[in-house]
Amino acid sequence: MKSLIRALSSALLLLAGALPAVAGPASAAAAPAPALVSTPVSPPVSASPAEAWTPPLSTRGRYVVDAQGNRFRLRSGNWDGAQGSWNGGGDRNDPATHHAGQNSNGIPIGLDRVPMSTLLADFRALGLNSIRLPFSNEMLRTTAPVPDAAVAANPALRGRTPLQVYDAVVAALTDAGFAVILNNHTGTTRWCCGLDGNERWNSGRTTAQWADDWVFLARHYRDNPRVVGADLYNEVRRDVLDDPNWGLGDDHDWQAAAQEAGDRILAEANPNLLIVVEGINWTGIPLDGLPHGRPTLTPVRTLSHTLVVSGKLVYSAHFYGYTGPRHSGATGMGETHDLRYQDMSRAQLEQTLYDQAFYVSAETGNHFTAPVWVSEFGTGADETGALPRAWFQNLTGYLNAVDADFAYWPLVGWSTTAQGAPGGDSWAMLRYDASGRRTGVLDAGDWRTQPWTALATPGRTGPIPVTPSWYQLSTDHRDHDASLLTRATGDWDSGARKAVCPDGSRLAGLGHTDGRGLCATSGLRAATGGHTVVRDEAYVPPGGDWASGYTKFQCPAGQFLIGYSVRGERVSAALCAPGRTALPAGGRTLWFDRGDNRPPGGPGGEFAYGDYKGQCLPTEYAAGIAFTTRAAARPGPAALLCRPLPPA
């Protein structure tokens with residue numbers, strides 16, 4: 001036992017090196033959001049937009065689209081630096097203590113070596129249309145100006161704080177036509193991604209404080225429509241003692257935290273932003289025989305996100321060849337005998353990518369269907385190994401074959417040390433020496449050029465048709481009110497756990513026992529809004545007993561179900577909204593207390609795993625919920641009143 005404890009302790013101490021040291025998570029500092037006021041600076045740029053697109057961006061099924069409904073494939077690069085480069089030890093002013101010997105000074109890398117206009121022209125030459133721009137919460141509060149040397153090639157930025165430099169970069173990128181996705185990468189401005197104090201969104205702060213910072217930053221850029229997204233948190237992972245989870249309802253519940261922050265950003269700051277939710281990057285201790293692994297997006301199949309503004313959810317995942325589904329990426333201590341991605345055959349890799357992430361976009365017509373953005377992947381220009389090279393070819397080939405959205409890590413790096421000797425980050429696509437001379441994917445001799453060129457194509461273009469969407473509701477641990485109209489009216493069933501469909505959708509199905517629901521897009525609701533809370537059988541007409549012996553919460557005539565509430569397992573109330581046109585009466589009783597009763601093909605997917613489920617046909621609307629209070633019987637929903645939709 002003591003030897004096992006020593007092994008566990010060693011593994012925990014080495015997790016900082018064992019977990020992928022390529023990108024890291026974000027959190028908010030404990031203080032309230034800063035009262036910094038910065039005027040974005042836009043240096044002259046010569047780059048012109050590679051393609052016409054109209055903000056804001058939204059989603060349609062598995063695709064990101066612009067305001068005209070045209071496909072916008074996220075062909076992105078990670079311009080890192082503002083999240084921090086310090087490795088956490090030694091003199092912070094010594095470049096040798098920073099990742100790859102590159103002191104970013106807490107701002108995007110390269111501003112000391114290359115004018116902004118040159119950088120943006122090179123980005124455009126790579127075929128990029130969007131930039132993932134990491135930041136740290138510490139950056140938001142730093143009041144000291146960056147050193148003049150950090151912006152030597154962009155002297156107009158001298159004397160500015162890191163946030164003001166970040167403002168200037170955002171303005172320059174968007175003025176040049178790039179879409180910018182803000183990425184909360186770290187809480188403290190240091191390199192990630194092991195045991196660095198930034199493992200979870202609420203490491204060292206509360207979820208509410210972290211969300212406060214997001215609301216601040218989303219408001220800060222609200223008037224810039226080409227700031228299109230909020231990438232909530234980078235590589236959520238285990239700290240020394242605890243794992244993050246997906247749906248347990250505690251303060252380590254990443255699914256719930258992302259829901260809270262995403263809803264607050266959309267409701268309080270900017271309803272136009274894409275909300276990017278990355279899967280869990282690591283749980284467990286990397287020792288053979290102990291549970292450990294990289295859940296990525298696998299939990300989404302069971303429990304997805306339904307935001308208060310529909311068409312704004314993007315899921316993301318990271319893939320690096322030296323890691324694996326159950327391999328931390330370590331060598332030596334902390335290394336297990338699990339397969340790395342680069343050890344897989346092409347067929348194995350593609351199946352693994354599908355299972356861990358791409359089922360989300362491939363399996364359309366489900367509550368979890370959304371675009372999948374591989375927001376980090378990369379390899380070195382100096383990589384000579386056959387397996388890593390084959391992995392990169394296979395990965396980029398797969399991303400192209402499935403027409404995926406992507407973002408390479410990293411975009412910019414040095415090719416020399418601060419003293420001018422060869423050094424810097426060989427993974428960077430664009431590398432610059434102290435005089436600003438460029439090498440990398442745009443230049444001869446870089447083996448990554450061919451696979452990158454094949455990948456960086458527009459893919460599918462043109463209009464994406466509007467298709468029905470499905471949304472999951474969950475009252476597992478808290479309210480799930482996805483309706484801005486309903487939220488504005490206050491608490492409609494105090495003390496109960498409430499679930500309400502997003503505006504523009506209707507309740508289509510319910511689970512029998514665990515408070516899960518399914519919503520479908522719908523244009524039924526009257527523009528005036530309004531709703532009726534039903535707590536008894538007042539609206540069941542004489543002779544209209546559609547579930548004899550059961551309590552029936554039926555909507556008033558002309559209204560349809562948009563929500564429900566529960567106390568424990570028992571139904572507490574039904575929430576109904578008036579239709580914009582006359583709604584047909586009549587209908588049928590759909591029982592699901594003794595088994596599933598769903599339309600053929602199960603549109604919307606398994607929204608309540610392990611429970612009996614009832615779901616009206618796509619050509620019907622739900623107008624009532626029936627349940628029983630008999631002793632020894634479960635008091636959850638047992639039947640739905642399904643009525644025909646009005647003619648289109």
Pair C501-L473, side chain to side chain contact (heavy atoms under 4.5 Å, CB included): steps then yes or no: CA-CA 7 Å; C501 293; L473 297 176; 4.0 Å; yes

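- At least one side-chain heavy atom of P325 sits under 4.5 Å from a side-chain heavy atom of Q356.
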Intermediate values then yes/no, salt bridge (charged side-chain N to carboxylate O under 4.0 Å, His left out), R301 and E606: CA-CA 8 Å; R301 184 182 291 279; E606 285 280 356; over 6 Å; no

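- Judged purely by atom type and a 3.5 angstrom limit, D425 has no side-chain atom pairing as donor or acceptor with the backbone of A100.
- Side-chain contact between F368 and H305 is absent, with no heavy atoms from C-beta onward closer than 4.5 Å.
- No side-chain heavy atom of I275 sits less than 4.5 Å from a side-chain heavy atom of V314.
- Between Y320 and Y341, the gap from one ring centroid to the other reaches at least 6.0 Å.
- If you take CG on N224 and CG on N270, they are separated by 10.0 Å, rounding to the nearest 0.5 Å.
- Residue Y315 is tested with S375, S361, S304 for a side chain to side chain contact (heavy atoms under 4.5 Å, CB included); the sole match is S304.
- Within the 3.5 Å criterion, the main-chain N or O of T369 finds no donor-acceptor partner in the side chain of N366.
- Scored by the side-chain contact (heavy atoms from CB on, under 4.5 Å) test, D405 finds V64, R71, R73, L74, P371, W373 as partners (sequence neighbours excluded).
- We find the CG-CG distance between L484 and L266 to be 8.0 Å, quoted to the nearest 0.5 Å.
- The OG atom of S76 sits 11.5 Å away from the CG atom of L133 when rounded to the nearest 0.5 Å.
- For D343 (side chain) and R340 (main-chain N/O), a donor-acceptor pair under 3.5 Å exists by modelled atom type.
- Classification of D263 and R487 as a salt-bridged pair holds, one side-chain N sitting under 4.0 Å from a carboxylate O.
- Residues satisfying the ring pair (Phe, Tyr, Trp, His ring centres under 6.0 Å) test with F358, not counting sequence neighbours, are Y398.
- Remark: W391 pairs with no residue by the ring pair (Phe, Tyr, Trp, His ring centres under 6.0 Å) rule, at least two apart or across chains.
- In this structure, W201 has its ring center closer than 6.0 angstrom to the ring center of W254.
- Applying the side-chain hydrogen bond (donor to acceptor under 3.5 Å, both in side chains) rule to Q102 yields no partners; only residues at least two apart in sequence or on another chain are considered.
- No salt bridge links D611 with R516; every basic N to acidic carboxylate O contact stays at or beyond 4.0 Å.
- Once rounded to the nearest 0.5 Å, the distance linking CG of N93 with CG of D91 reads 5.0 Å.
- Figure legend: cation-pi geometry between R226 and F178 absent, as NZ or CZ is not positioned both under 6.0 Å from the six-membered ring centre and within 45° of its axis.
- In this structure, the side chain of T142 engages the main chain of E138 through a donor-acceptor pair within 3.5 Å.
- Looking at T59 and L313, their side chains never come closer than 4.5 Å, going by heavy atoms from C-beta outward.
- W210 and N184 form a side-chain donor-acceptor contact under 3.5 Å, judged by distance and modelled atom types alone.
- The ring pair (Phe, Tyr, Trp, His ring centres under 6.0 Å) search around H480 returns none, not counting sequence neighbours.
- When atom types are taken as modelled, the side chain of D253 and the backbone of G247 share a donor-acceptor pair closer than 3.5 angstrom.
- K498 contributes no side-chain N or O that, together with a main-chain N or O of D481, makes up a donor-acceptor pair within less than 3.5 Å.
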Stepwise side chain to side chain donor-acceptor pair (under 3.5 Å) check, N87 with R92: CA-CA 9 Å; N87 285 323; R92 197 163 182 166; over 6 Å; no

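- In this structure, T186 contributes its side chain and Q83 its backbone to a donor-acceptor pair below 3.5 Å.
- With sequence neighbours left out, Y408 forms a ring pair (Phe, Tyr, Trp, His ring centres under 6.0 Å) with F377.
- Looking only at side-chain heavy atoms (C-beta outward), Y166 and I107 stay at 4.5 Å or farther from each other.
- Rounding to the nearest 0.5 Å places CD1 of I280 at 10.0 Å from CG of L297.
- Contact check on R200 versus D251 returns no salt bridge, with no Lys/Arg side-chain nitrogen under 4.0 Å from an Asp/Glu carboxylate oxygen.
- Side-chain contact check for H367 versus L518: some heavy-atom pair is nearer than 4.5 Å.
- A salt bridge is absent between R62 and E363: the closest approach of a Lys/Arg side-chain nitrogen to an acidic carboxylate oxygen does not fall below 4.0 angstrom.
- You'll find the side chain of W282 reaches within 4.5 Å of the side chain of H292, heavy atoms only.
- Put simply, the side chain of T336 never gets that close to the backbone of D288: no donor and acceptor are under 3.5 Å apart.
- Judged by distance alone, the side chain of D243 and the main-chain N or O of G284 form a donor-acceptor pair under 3.5 Å.
- With rounding to the nearest 0.5 angstrom, the CZ atom of R238 is 10.0 Å from the NE2 atom of H252.
- Within the 4.5 Å cutoff, the side chain of S483 has no heavy atoms near those of the P502 side chain.
- Remark: side-chain polar atoms of W246 are paired, donor with acceptor, to backbone N or O of L303 under 3.5 angstrom.
- Checked against the 6.0 Å centroid criterion, the rings of W214 and F135 qualify as a close aromatic pair.
- Between R237 and N281, the side chains place no donor N or O within less than 3.5 Å of an acceptor N or O (distance only, hydrogens not considered).
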